[in-house]
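None of these values were measured; they are calculated from a predicted model.
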Amino acid sequence: MTEKSFPTQAKVVIVGGGVMGCGLAYHLAHEGWTDVVLLEKAELTSGSTWHAAGQITHSTSSFGLGKCVDYNIGLYAGALERETGQAVTWHGCGSFRLAYTHDEMDWLRHTLSVGRSLGFNIELVGADRVAELHPFYNLEGVLGALHTPDDGHVDPTNVTMAMAAGARQLGARIIRQCRATNITRTAGGEWLVETEKSSILCEHVVNAGGTYARQMGEWSGLQLPMTSMTHHYFVTEPVPEFEALDKELPVIRDDRKVSGYIRMEQKRGLIGIYEKENPNSVWHDECPWDYENWLFDADYDRVMPWLEESLNRMPVLADLGITREVHGAISHPPDGNPLIGPAPGVRNYWCCCGTQIGIGWGPGLTRELARWMVHGAADISMRDYDPRRFGAYATKDWQVVKAHEDYCLRHEIPFPHYNRTEGRPLKPSPLYEELKLRGAVYEEVYGFERPRWFARDGVAQNDHYSFRRNAVHDIVGAEVRTVREAVGIMDVSAFTKVLVSGPDAYALLDRLTANRMPQKTGSVTLTHMLNRRGRIELETTIVRQSDDRFYLVCAAFFEQRLLDHLEQNRAGDDVSVTTLSEAWCALSLNGPLSRDVLSACTDAPLDNASFRWLSAQEISIAGHQVQAIRMSYAGELGWELHMPREACLDVYLALRTAGAPSGICDYGSFAMNVMRMEKGFKGAGELTNEVTLPEADVMRFVRDDKEFLGKEATLAGQDNLRWICASLSIEPDGVNDGHGGEAVLLNGEVVGSAASVAYGHSVGRILAFAYLRPEAAAPGTALEVVIAGEARPATVLGAPAYDPESLRPRADARIEEAAE
């Protein structure tokens with residue numbers, strides 16, 4: 001290539017030519033963006049892609065990821081080759097995931113239900129069926145298996161080359177042997193990508209750098225959390241027993257014994273291992289730029305316990321030699337999920353990296369990223385992959401600790417609410433030690449420690465994992481009961497807390513929110529911010545503190561998304577945005593006796609006339625000025641109390657002392673979730689980027705007499721509903737309550753899936769939010785929900801299961817009248 005022919009401008013520049021970069025170029029072109037240049041420092045696939053084992057499975061409990069996997073398998077199994085004319089080399093041999101314990105069987109039953117909601121070809125089978133299709137595997141101790149017949153494996157290089165060919169055919173340009181050396185933002189807001197050859201100016205830049213992605217991010221002042229972990233697989237000598245086979249054996253995923261997978265590689269055996277101890281990370285500071293097709297020497301000492309067990313499980317491999325050792329580096333973000341989406345704090349810098357299973361996940365995720373870039377929103381929920389889910393707390397040292405943890409969990413049971421405890425606490429509240437002494441079991445949200453539940457009655461103060469009810473079930477029920485009957489207090493300091501002020505603060509927020517802005521000082525509004533497709537960016541509470549000062553509160557993991565949304569839509573407004581999330585703390589006081597408790601701690605009048613529902617005032621508690629907001633996520637009389645960090649412990653202790661005669665209890669996020677489900681309050685699991693406000697059935701928060709971002713799509717969407725979020729009441733069996741993603745049936749046909757599920761202790765039923773076809777969402781409709789492999793009777797609710805008239809939060813005379 002001559003210097004003259006090198007492009008100087010493009011709409012999009014993608015840096016990295018592995019399966020992720022080529023997949024994005026391919027899908028951007030399919031979405032209509034063809035002015036795309038992809039840069040690869042060596043040859044396509046020469047980073048992590050080329051040494052991938054190439055397996056892919058429908059066996060996933062993630063609803064969104066399941067959609068990606070199903071798309072990928074269809075692409076590999078014929079669609080991509082038919083389109084491009086390039087060989088893909090698909091082996092559709094199917095696969096089994098084995099279970100040796102009852103917990104593993106419960107996991108497979110849950111995965112089966114999620115797969116059914118997605119229309120997968122998937123079944124739970126006994127060991128005899130595994131033996132029928134795979135006669136060479138030692139099935140001692142196996143209780144059952146998940147059979148996914150449409151699974152298989154594919155040649156990673158061929159897939160990548162085929163997507164590259166498809167991108168080129170549609171007009172994208174791919175430049176090999178051209179290393180990017182810097183990525184910087186210009187004064188005009190464009191991105192300048194410098195390379196060994198020349199520079200390219202572009203509107204959008206994409207980091208698809210694989211093991212180089214973190215250090216590439218540093219060029220632009222970005223902290224992209226991921227660590228390179230090394231993974232082994234081994235290929236044996238030819239297996240004599242395979243010679244007579246007329247079809248390929250299914251892939252075996254043996255999480256317990258092998259901590260990995262075993263499959264055929266032509267007539268040889270292939271064994272992949274994710275060791276559960278002493279994992280190895282490399283390149284903590286920088287991956288060498290001259291590494292191409294790089295492998296490390298095999299470390300047999302590290303993997304030997306699992307390698308030996310793999311030979312015990314597959315005896316036909318035991319006496320064979322190993323002819324190929326593949327020990328390569330793969331990116332692992334702190335939580336194991338890829339970084340797919342906008343980089344934090346900048347415009348039009350996109351992450352397409354941190355993918356530990358590029359062949360299994362890549363094409364589907366890059367399709368969603370392409371839709372996000374071109375149309376403003378992806379078509380699956382991207383919450384788990386959004387790079388903005390991490391904050392400044394994700395330092396390099398912490399990244400390494402969490403990547404090691406993630407690697408060891410790769411083949412462990414993904415229990416509901418699994419608590420990843422390494423590298424914590426990072427951002428404890430001032431109540432951390434006090435609540436720990438009171439029995440708090442914590443979870444991490446955006447680096448903050450938040451109580452889940454409080455140990456009592458001899459139940460151990462640690463996580464209790466199961467797909468079934470366990471000891472925590474009754475404890476959560478007791479917390480809910482105390483809040484409903486008396487009063488409870490929760491540390492909600494993890495909430496995102498942002499102050500928006502200045503002459504144009506009202507104008508900016510008004511055009512970004514679908515609901516009417518709070519009109520008077522001290523008034524409160526719950527509202528949603530949307531993108532141009534009318535899809536939900538986030539839900540927030542806005543408190544008007546003065547004419548030009550607004551206090552915003554939303555879920556912790558939306559902090560950077562909120563900051564970016566404000567910044568990228570301010571259009572020259574005279575506005576100041578201040579993040580108070582760590583400097584301020586918050587407590588939630590709820591229950592019919594909450595007014596009595598709070599009154600004992602403040603001189604401020606708290607009656608309905610003096611302190612109305614959905615209003616805010618500054619009051620004094622324990623000598624500290626506190627912003628009190630009369631609102632309740634629990635659906636009871638209650639207040640949120642927001643204050644500077646240094647006031648939190650004093651205020652908490654004062655309330656706890658005042659509440660002692662009333663039997664006040666501490667409660668956590670598990671009880672909070674139950675109570676919001678009982679009240680029919682939709683949360684982060686329902687309000688995602690894949691749905692509009694009419695689909696989420698929250699149009700009561702929309703004012704169509706004002707202009708706001710996403711209004712046109714919102715109103716148009718009312719006449720074109722793909723699905724509707726409905727509340728369901730489900731018959732309990734006393735054992736399994738569900739966890740989200742379950743299939744919902746109407747007359748035996750799948751009509752949707754559950755988004756959130758919880759047992760409603762106040763009403764004695766399982767409650768769920770489910771996205772359903774419109775014809776299945778009418779109140780009173782009889783449905784079934786598949787929980788733990790069994791279809792349960794369910795009914796669509798027309799009102800909240802608890803306090804449907806919302807009398808209790810207002811705490812006025814109408815409650816007594818209704819009771820009479």
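With ring centers used as reference points, Tyr212 lies 6.0 Å or more from Trp283. Aromatic rings of Phe558 and Tyr446 (six-membered ring for Trp) have centroids beyond the 6.0 Å cut-off, not under it. For Tyr71 and His27, the gap between ring centers is short of 6.0 Å.
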### Step-by-step side-chain hydrogen bond (donor to acceptor under 3.5 Å, both in side chains) determination, Glu686 to Ser756
CA-CA 7 Å; Glu686 294 75 50; Ser756 300; 2.3 Å; yes
### Task
For the pair Glu40 and Gln177, evaluate side chain to side chain contact (heavy atoms under 4.5 Å, CB included) and give the outcome as yes or no after the intermediate values.
CA-CA 6 Å; Glu40 164 54 44; Gln177 299 295 334; over 6 Å; no
### Message
Pair His332, Met226 - check side chain to side chain contact (heavy atoms under 4.5 Å, CB included), show working.
### Response
CA-CA 5 Å; His332 279 251; Met226 66 195 84; over 6 Å; no
### Query
Asn158 and Thr89: side-chain hydrogen bond (donor to acceptor under 3.5 Å, both in side chains), yes or no, with the steps?
CA-CA 7 Å; Asn158 284 2; Thr89 320; 2.6 Å; yes
### Query
Going through the checks in order, is the side chain to side chain contact (heavy atoms under 4.5 Å, CB included) test met by Glu196 and Thr181?
CA-CA 7 Å; Glu196 296 171 316; Thr181 58; 4.1 Å; yes
### Query
So Met229 and Ile330, side chain to side chain contact (heavy atoms under 4.5 Å, CB included) or not? Walk me through it.
CA-CA 5 Å; Met229 304 293 299; Ile330 305 171; 5.8 Å; no
#### Entry: Derivation of the side-chain hydrogen bond (donor to acceptor under 3.5 Å, both in side chains) call for Thr57 and Asp151
CA-CA 5 Å; Thr57 178; Asp151 291 358; 2.5 Å; yes
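Annotation: the span from Leu562 atom CG to Glu567 atom CD amounts to 11.5 Å, rounded to 0.5 Å. Between Thr714 atom OG1 and Leu530 atom CG the span is 4.5 Å, to the nearest 0.5 Å. Rounding to the nearest 0.5 Å gives a distance of 9.5 Å between CE of Met20 and CG of Leu339. Taken from CG in Leu772 to SG in Cys725, the straight-line distance is 8.0 Å, to the nearest 0.5 Å.
Annotation: Arg168, atom CZ; neighbour count of heavy atoms from other residues, nucleotides and ligands within 6.0 Å is above 12. Within 6.0 Å of atom CD in Gln568, more than 12 heavy atoms from other residues, nucleotides or ligands are found, so the atom counts as buried in its surroundings.
We find that Glu690 and Arg535 are not joined by a salt bridge, their nearest charged nitrogen and carboxylate oxygen being 4.0 Å or further apart. We find that Asp386 and Arg388 are joined by a salt bridge, their nearest charged nitrogen and carboxylate oxygen being less than 4.0 Å apart. Salt-bridge annotation for Asp705 and Lys711: absent, with no side-chain N of the basic residue lying under 4.0 Å from a carboxylate O of the acidic one. Salt bridge Asp504/Arg511: absent, no basic N to carboxylate O contact under 4.0 Å. Between Lys706 and Asp510 there is a salt bridge, with a side-chain nitrogen of the basic residue lying less than 4.0 Å from a carboxylate oxygen of the acidic one. Residues Arg371 and Glu31 are paired through a salt bridge, judged by an N-O separation under 4.0 Å between the basic side chain and the carboxylate.
Under a 3.5 Å cut-off, the side chain of Arg389 and the backbone N or O of Gln560 do not form any donor-acceptor pair. Remark: side-chain polar atoms of Asn569 are not paired, donor with acceptor, to backbone N or O of Leu512 under 3.5 angstrom. For the pair Glu695 (side chain) and Ile724 (backbone), a donor-acceptor distance under 3.5 Å is absent. Judged by distance alone, the side chain of Thr513 and the main-chain N or O of His528 form no donor-acceptor pair under 3.5 Å. At distances below 3.5 Å, at least one donor-acceptor pair connects side-chain atoms of Asn72 with backbone N or O atoms of Gly360. In this structure, Gln223 contributes its side chain and Ala394 its backbone to a donor-acceptor pair below 3.5 Å. The backbone N or O of Cys287 sits less than 3.5 Å from a side-chain atom of Gln215, completing a donor-acceptor pair. The backbone N or O of Phe6 lies less than 3.5 Å from no partner atom in the side chain of Lys197, so there is not a single donor-acceptor pair. Without hydrogens or angle criteria, Gln356 side chain to Gly336 main chain gives a donor-acceptor distance under 3.5 Å. Under a 3.5 Å cut-off, the side chain of Arg173 and the backbone N or O of Val36 do not form any donor-acceptor pair.
Two residues are said to be in side-chain contact when any heavy atoms from C-beta on lie closer than 4.5 Å; Pro156 and Val19 fail this criterion. The shortest distance between side-chain heavy atoms of His565 and Leu709 falls below 4.5 Å. In this structure, His91 and Val154 have side chains that are not in contact, with every pair of non-hydrogen atoms separated by 4.5 Å or more. Side-chain contact check for Val205 versus Asn348: every heavy-atom pair is 4.5 Å or farther apart. Looking at heavy atoms from C-beta onward, His204 lies out of side-chain contact with Trp191 at the 4.5 angstrom threshold. Within the 4.5 Å cutoff, the side chain of Arg410 has heavy atoms near those of the Ile357 side chain. The shortest side-chain heavy-atom distance between Leu118 and His58 does not fall under the 4.5 Å cut-off. For the pair Ile183 and Val15, the minimum side-chain heavy-atom distance is below 4.5 Å.
Annotation: cation-pi geometry satisfied between Lys11 and Trp33 (NZ/CZ under 6.0 angstrom from ring centroid, within 45° of ring axis). Cation-pi check for Arg179 over Trp289 is met; the charged atom lies under 6.0 angstrom from the ring centroid and within 45 degrees of its normal.
For the residue pair Val114 and Gly740, the shortest heavy atom distance occurs at CG2-O, 4.2 Å. Contact record, Cys68 with Ile380: SG-CD1, 3.7 Å, taken as the closest heavy-atom pair. Closest non-hydrogen pair, Ser117 versus Ser753, comes out as CB-CB, 3.8 Å. In terms of heavy atoms, Thr227 sits closest to Ala403 at CB-CB, 3.5 Å. Considering every non-hydrogen atom in both Thr184 and Trp219, the closest pair reads CG2-O, 4.5 Å. Between Thr111 and Ile122, the shortest heavy-atom distance links the atoms O-CD1, 4.1 Å.
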